[in-house]
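So the structure is just underneath, and the comments pick up after that.
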Amino acid sequence: MITDARVLQPEFVPNDVKHRSAEVSHLSDTLRPIVEGNRATNSLLYGPSGAGKTCIAQHTIEQLRENVVALNYQYVNCWEDHSRFKTLYRLLDGIENTFDIHRQSTPKDELLERLREYDGPPYVVILDEVDQLQDKSLLYDLYRIPHITMVLIANREEDVFNTLDDRLNSRLGACPRIRFSQYSISELVTILEDRARWGIESDAINTDQLETIADYAAGDARVAIGIFRNAARVARQNGNDRITVDVIDQVVSETKSEIRQKTTDKLTHHQQVLYDTITEAGEIGAGDLYDAYCKVVDEPRTRRTIRNHLSKLEQYNLIVATGNTKARSYSLQS
DNA sequence: GATCCACAGGAATCCTCGGGGT
DNA sequence: ACCCCGAGGATTCCTGTGGATC
């Protein structure tokens with residue numbers, strides 16, 4: 001029943017993207033100078049998760065590559081590579097300049113120096129989840145390298161600009177910002193129709209069922225494609241040649257927790273305990289939370305460290321904090 | 001309204017770990 | 001075998017803030 005499993009994968013980037021032509025053309029406008037050999041402007045894509053930011057960034061650059069003789073590009077997820085060193089390493093990796101870097105104790109800004117010295121074709125870098133970048137001054141350093149063009153991606157624009165210093169704000173503050181909003185149900189349906197056409201046999205699913213999936217996904221394309229993929233997998237396991245609504249109902253919660261799991265997997269043990277404690281309590285004040293945390297963990301960290309962890313969890317959109325000072329309480333992100 | 005207190009978060013410093021140099 | 005160095009996490013110290021209490 002499944003004819004091409006690749007197109008059901010979350011990281012698959014289609015040649016033909018739906019409902020984002022305005023965003024694509026805005027982004028390609030900012031990048032167009034590269035085609036004429038000039039310096040392109042940096043840009044920021046922002047919007048809720050599953051709105052197609054990463055996909056559109058990669059798609060647009062792929063398109064650009066077809067028009068430019070030579071162009072390098074690299075995708076960096078700043079959550080996974082959140083330190084200055086790791087991000088720089090990843091960027092050098094994109095231009096294959098890492099063969100002799102094996103230690104963290106390479107002289108202080110040797111990596112940056114190498115990026116500066118790079119004299120190949122224009123280099124476009126996608127910095128996804130850029131608000132998670134530990135050392136924002138890296139953006140300034142990259143900004144000053146002429147042949148590098150940055151495409152920044154974040155959920156909320158204020159998460160990016162609030163954390164920049166004045167110097168960076170005056171430079172990057174003026175860059176084009178492209179807003180992505182949630183997909184509507186019907187938009188999700190057409191996206192799923194494409195995937196269905198490319199990935200599974202033609203009569204294995206119909207519009208009604210795709211609508212059911214889109215409904216469950218609530219505007220998040222990543223969730224929609226995840227449900228679709230799992231439903232196709234379960235249907236195949238059961239030996240069915242069609243994806244029924246029953247199967248879809250069955251895989252929804254599994255898929256959602258799968259996606260949540262991907263996020264919480266990146267947490268440290270201490271962050272995980274905090275998250276679980278909040279999950280259990282529903283809503284909990286800072287003092288009670290710390291006490292509960294200490295009971296669970298062998299070697300509890302200090303209050304100060306826990307506050308850092310909590311603000312990280314908040315940045316990850318896993319929890320929300322409401323109220324100030326004594327009235328502060330933590331609960332799960334809905 | 002003055003005072004107290006729990007809490008947030010910035011800055012400086014300490015600690016630990018991994019890898020290189022001698 | 002030993003020391004050294006850089007990075008990043010944790011801790012210590014601190015200031016500011018707003019709710020609670022009288």
Side-chain angles (χ1 to χ4, degrees), chain A residues 76-93 97-117 127-142 154-156 158-169 263-278 280-333:
Chain A
V76 184
N77 186 309
C78 296
W79 188 347
E80 276 151 33
D81 300 311
H82 59 284
S83 71
R84 182 186 176 89
F85 178 86
K86 284 184 185 158
T87 307
L88 279 169
Y89 186 89
R90 188 72 64 191
L91 292 179
L92 283 170
D93 208 29
N97 205 353
T98 48
F99 55 94
D100 57 347
I101 299 173
H102 8 60
R103 44 181 203 168
Q104 299 218 343
S105 49
T106 348
K108 216 170 179 190
D109 262 333
E110 154 110 36
L111 301 192
L112 183 64
E113 206 44 52
R114 288 214 205 170
L115 264 183
R116 282 209 193 95
E117 284 163 7
L127 299 179
D128 204 348
E129 310 207 48
V130 67
D131 48 310
Q132 297 302 327
L133 199 60
Q134 221 168 47
D135 178 10
K136 296 291 195 316
S137 67
L138 177 60
L139 296 179
Y140 183 70
D141 293 326
L142 294 177
N155 286 119
R156 296 183 306 173
E158 60 266 29
D159 288 345
V160 181
F161 293 103
N162 288 356
T163 55
L164 302 184
D165 58 28
D166 296 345
R167 183 186 61 174
L168 262 169
N169 251 316
T263 312
T264 52
D265 274 352
K266 298 183 204 165
L267 302 178
T268 66
H269 174 59
H270 294 274
Q271 292 169 335
Q272 185 76 55
V273 170
L274 288 168
Y275 179 72
D276 291 346
T277 307
I278 296 169
E280 216 169 293
E283 184 169 1
I284 188 167
D288 294 343
L289 175 57
Y290 187 73
D291 292 344
Y293 156 81
C294 288
K295 280 195 191 117
V296 178
V297 171
D298 285 340
E299 293 171 19
R301 301 285 179 257
T302 59
R303 286 192 144 82
R304 181 67 190 90
T305 304
I306 266 38
R307 285 202 291 275
N308 282 339
H309 286 330
L310 288 170
S311 82
K312 262 284 182 250
L313 292 179
E314 206 185 344
Q315 282 182 52
Y316 296 165
N317 291 322
L318 289 172
I319 65 169
V320 284
T322 48
N324 293 315
T325 62
K326 282 182 94 166
R328 174 70 74 96
S329 74
Y330 298 92
S331 52
L332 285 193
Q333 176 84 327

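Reckoned from all heavy atoms, side chains included, excluding hydrogens, waters and symmetry mates. Chain identifiers are assigned alphabetically (A, B, ...) following the order of the sequence lines, protein sequences preceding nucleic acid strands; residue numbering begins at 1 within each chain.
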With sequence neighbours excluded, residues passing side-chain hydrogen bond (donor to acceptor under 3.5 Å, both in side chains) with [X]:
X	value
A:Thr305	A:Thr302
A:Asp141	A:Arg84
A:Ser311	none
A:Glu283	A:Ser329

Tabulated below should be each protein N or O lying under 3.5 Å from an N or O of nucleotides 12-17 of chain B; please produce it.
none

Set of residues satisfying ring-ring contact (aromatic ring centres under 6.0 Å, His included) with respect to A:Tyr290, sequence neighbours excluded: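 Checked A:Tyr290 against ring-ring contact (aromatic ring centres under 6.0 Å, His included); matches are A:Tyr293.
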Over how many whole Å does the gap from [X] atom [atom1] to [N] atom [atom2] extend?
X	N	atom1	atom2	result
A:Ile284	B:dC7	CD1	C1'	15 Å
A:His270	C:dT11	NE2	C1'	14 Å
A:Arg328	C:dA20	CZ	P	15 Å
A:Lys86	B:dG18	NZ	C1'	13 Å
A:Lys326	C:dG19	NZ	C1'	6 Å

Salt bridge (Lys or Arg N to Asp or Glu O under 4.0 Å) partners for [X], two or more places apart:
X	value
A:Arg307	none
A:Arg303	none
A:Asp128	none

pair A:Leu112-A:Arg116: side-chain heavy atoms closer than 4.5 Å: yes
Overall bend - the helix from B:dG1-C:dC22 to B:dT22-C:dA1, comparing terminal axes fitted on five pairs, nearest 10 degrees: 20°
Sole residue of A:Leu267, A:Thr264, A:Asp131, A:Asn155 in side chain to side chain contact (heavy atoms under 4.5 Å, CB included) with A:Tyr316: A:Leu267
Result of checking A:Arg90, A:Gln132, A:Lys86 against A:Asp81 for side chain to side chain donor-acceptor pair (under 3.5 Å): A:Arg90
Sugar-phosphate only, base, or nothing, as touched by A:His82 at under 4.0 Å among non-hydrogen atoms: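 The answer is sugar-phosphate, as A:His82 gets under 4.0 Å only of primed atoms, P, OP1 or OP2.
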Working for side-chain hydrogen bond (donor to acceptor under 3.5 Å, both in side chains), residues A:Asn324 and A:Arg328: CA-CA 5 Å; A:Asn324 293 315; A:Arg328 174 70 74 96; 5.0 Å; no
I'd like a list of close polar pairs between nucleotides 15-17 of chain C and the protein, N/O only, cut-off under 3.5 Å.
none

Check against salt bridge (charged side-chain N to carboxylate O under 4.0 Å, His left out), A:Arg114 and A:Glu117: CA-CA 5 Å; A:Arg114 288 214 205 170; A:Glu117 284 163 7; over 6 Å; no
Contacting residues from residues 292-324 of chain A, given that a heavy atom lies under 4.0 angstrom of DNA chain B: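 Result for residues 292-324 of chain A: A:Arg304, A:Arg307, sorted by number.
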N/O (side chain, A:Tyr330) to phosphate O (OP1/OP2, B:dA8) under 4.0 Å: yes
